[in-house]
Amino acid sequence: MPKYLLIFLLCVSQISIAQISVLDSISKQPISYATISFGNGQGIFADDDGQFVFTKTLYPDVDSLFISALGFKNLNLAVTNLKSELKMQPKADELKEVVIGTKLNRKFKKETLKPYLDDDYYKCWLPTIESEIAVYFSKNTNKDQKLTSVIFPIALESKDWNKRKRANTDKKKFSTLFKVKFYDYDDGQPGQVLTYETIVFRATEKNGDAYELNVEDYDLYIPENGFFVSIQVMGYTDKLGKLLPNKKYKEIKSQSGIVKIPTNFRPLLPFTDEESAKNTFIKRIFINGNNWVKFDKGNGFKSSLLDQNLYNYGIGLTYNTYKDE
């Protein structure tokens with residue numbers, strides 16, 4: 001066999017092993033955007049086809065994978081003899097009903113909570129793959145309310161830093177995928193998810209200073225104790241919106257060796273001091289424990305945002321408040 005052909009076949013073999021699919025064990029359908037966590041605090045995401053790339057060459061220190069997805073039981077497995085298809089079992093439990101017997105043909109009043117917009121780079125959170133941000137919204141009426149859209153503020157970066165304060169300056173291009181979840185209120189922090197639907201959106205510089213996500217078809221009714229909206233960056237995409245492989249860390253050579261710097265993704269997420277309550281929580285997706293922590297001083301966060309008393313990500317909402325029958 002010619003040498004070049006042998007090398008080609010070995011390369012093809014490595015590629016085929018590296019491509020792994022996450023599937024529903026019953027339907028055999030791909031599970032889009034599953035979270036793949038590594039035992040050492042790193043992680044990646046499957047794409048919309050439920051596929052991700054993993055080899056011992058790429059991740060030599062990883063000996064196990066922890067895979068999670070909405071509506072499925074967690075999967076924990078060793079990387080030894082890793083198969084090309086990983087099957088997850090659907091959860092048997094049902095979501096709690098938050099509103100019973102609501103009629104969609106009732107009259108309603110459309111209401112809006114405006115987002116807090118800001119283009120000051122120094123007042124923004126730099127999204128990293130490891131973090132999920134959740135914001136709490138209370139319910140101030142006993143009437144039925146249906147969520148219709150969520151407005152996520154984003155801040156754009158100028159190509160020319162010296163012109164960043166000009167409204168007409170050219171903006172840096174990006175195409176970024178975000179995942180959105182909804183949680184009920186559980187003793188002051190995010191609890192059970194309100195829908196097992198996988199909800200994602202792609203933001204680009206063309207969306208301006210906010211992205212409005214239509215959620216009317218998900219039939220999300222606001223629970224009596226309020227609810228949380230969360231956002232999590234998944235990484236950059238190609239021009240068609242397909243998730244690209246993204247590493248959690250940038251590796252920079254220094255005199256003492258390789259230094260890992262968290263990869264920040266665009267757009268930036270502006271925080272606000274216009275809310276007196278501290279309603280924002282952070283979860284480190286790939287770190288052991290994976291628990292929610294209020295974004296506040298003294299909770300283990302080192303952030304210039306907290307130094308400026310910027311405690312909240314300023315999400316906006318639109319919803320229908322239904323009239324009594």
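Values below: every heavy atom of this structure, side chains too, minus hydrogens, waters and symmetry copies.
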P190 and side chain to side chain contact (heavy atoms under 4.5 Å, CB included): which single residue from Y136, F182, Y183 fits?
Y183
Without hydrogens or angle criteria, can the side chains of S175 and T237 be said to hold a donor-acceptor pair below 3.5 Å?
yes
Indicate whether any N or O donor in one side chain lies under 3.5 Å from an N or O acceptor in the other, for S149 and E212.
yes
Step by step, would you call I151 with L317 a side chain to side chain contact (heavy atoms under 4.5 Å, CB included)?
CA-CA 6 Å; I151 307 165; L317 304 174; over 6 Å; no
Under a 4.5 Å cut-off applied to non-hydrogen side-chain atoms, are L156 and D209 in contact?
no
Result of checking E275, K123, E274 against Y116 for side-chain hydrogen bond (donor to acceptor under 3.5 Å, both in side chains)
E275
Please round to the nearest 0.5 Å and tell me the distance separating atom CG of D170 and atom CD of E157.
14.0 Å
Will you find, in the side chains of N320 and K143, an N or O donor that is under 3.5 Å from an N or O acceptor?
no
Evaluate the side-chain proximity of L243 to D48: yes if any heavy-atom separation is below 4.5 Å, no if none is.
no
Enter the distance from F228:CZ to T280:OG1 here, rounded to the nearest 0.5 Å.
9.5 Å
Between E205 (side chain only) and F174 (backbone N and O only), is there a donor and an acceptor less than 3.5 Å apart?
yes
Donor-acceptor check, side chain of T112 to backbone of K114, threshold 3.5 angstrom: yes or no?
no
Pairwise distance CG(L306) to OG(S304) - rounded to 0.5 angstrom:
8.5 Å
Tightest non-hydrogen contact, residues C124 and D118, listed as SG-O, 4.4 Å
Say you draw a straight line from CZ of F72 to CE of M88; how long is it, rounded to the nearest 0.5 Å?
7.0 Å
Check against side-chain hydrogen bond (donor to acceptor under 3.5 Å, both in side chains), R202 and T176:
CA-CA 5 Å; R202 179 170 67 110; T176 306; over 6 Å; no
Can you confirm whether K283 sits close enough to N291 that some side-chain heavy atom of one is under 4.5 Å from a side-chain heavy atom of the other?
no
Do the non-hydrogen side-chain atoms of V200 and F178 ever get within less than 4.5 Å of each other?
no
What pair of heavy atoms forms the shortest contact from P270 to L268, and how long is it?
CD-O, 3.6 Å
Closest heavy-atom contact between L75 and K87?
CD2-O, 3.9 Å
Under a single-linkage definition using a 4.5 Å side-chain heavy-atom cutoff for Ile, Leu, Val, Met, Phe, Trp and Tyr, are V135 and L113 assigned to the same hydrophobic cluster?
yes
Taking the side chain as C-beta and beyond, is there a heavy-atom pair between I20 and V53 under 4.5 Å?
no
Name the one of V150, L147, V229, T148 that satisfies side chain to side chain contact (heavy atoms under 4.5 Å, CB included) with L220?
L147
Ion pair check, D307 and K297, cut-off under 4.0 Å:
no
What distance separates L269 CG from I154 CD1, expressed to the nearest 0.5 Å?
8.5 Å
Evaluate F227 against Y185 for ring pair (Phe, Tyr, Trp, His ring centres under 6.0 Å), listing each step before the verdict.
CA-CA 5 Å; F227 71 108; Y185 177 92; over 10 Å; no
Any side-chain donor paired with an acceptor under 3.5 Å for S25 and Q89?
no
Minimum side-chain heavy-atom gap Q189-K294 below 4.5 Å:
no
Using atom types as modelled and distance alone, determine if a side-chain donor or acceptor of N76 lies under 3.5 Å from a backbone N or O of N74.
no
Let's go through D296 and V293 carefully: what are the C-alpha distance in whole Å and the side-chain angles of both, what is the deciding distance for side chain to side chain contact (heavy atoms under 4.5 Å, CB included) to 0.1 Å, and is it a yes or a no?
CA-CA 8 Å; D296 196 1; V293 179; over 6 Å; no
Work out which heavy atom in L213 is nearest to a heavy atom in V180; give both atom names and the distance.
CD2-CG2, 3.9 Å
Please tell me whether Y236 and F265 form a close aromatic pair, meaning their ring centres lie under 6.0 Å apart.
yes
Working to the nearest 0.5 Å, report the span between OH of Y313 and CD1 of I231.
4.5 Å
Y33/F45 aromatic ring centres below 6.0 Å
no
Flag the pair P223 / L194 as yes when at least one side-chain heavy-atom distance between them is below 4.5 Å, and no otherwise.
yes
Scanning both residues in full, the closest heavy-atom pair of I36 with F52 reads CD1-CD2, 3.7 Å
Between F54 and V79, does the side chain to side chain contact (heavy atoms under 4.5 Å, CB included) criterion hold? Intermediate values first, please.
CA-CA 9 Å; F54 182 92; V79 300; 3.7 Å; yes
Judged by modelled atom types alone, do D219 and Y221 share a side-chain donor-acceptor pair under 3.5 Å?
no
When the ring planes of F295 and F271 are compared, do they come out parallel, tilted or perpendicular, using 30° and 60° as the limits?
perpendicular
Could you give me the CA-CA distance, side-chain angles and deciding distance for K181 and L70, then say whether side chain to side chain contact (heavy atoms under 4.5 Å, CB included) is met?
CA-CA 9 Å; K181 296 180 185 176; L70 281 175; 4.2 Å; yes
Give me the atom names and distance for the closest heavy-atom approach of M234 to K179.
SD-CB, 3.7 Å
Measure centre to centre between the rings of Y211 and F201, then say whether the value is under 6.0 Å.
yes
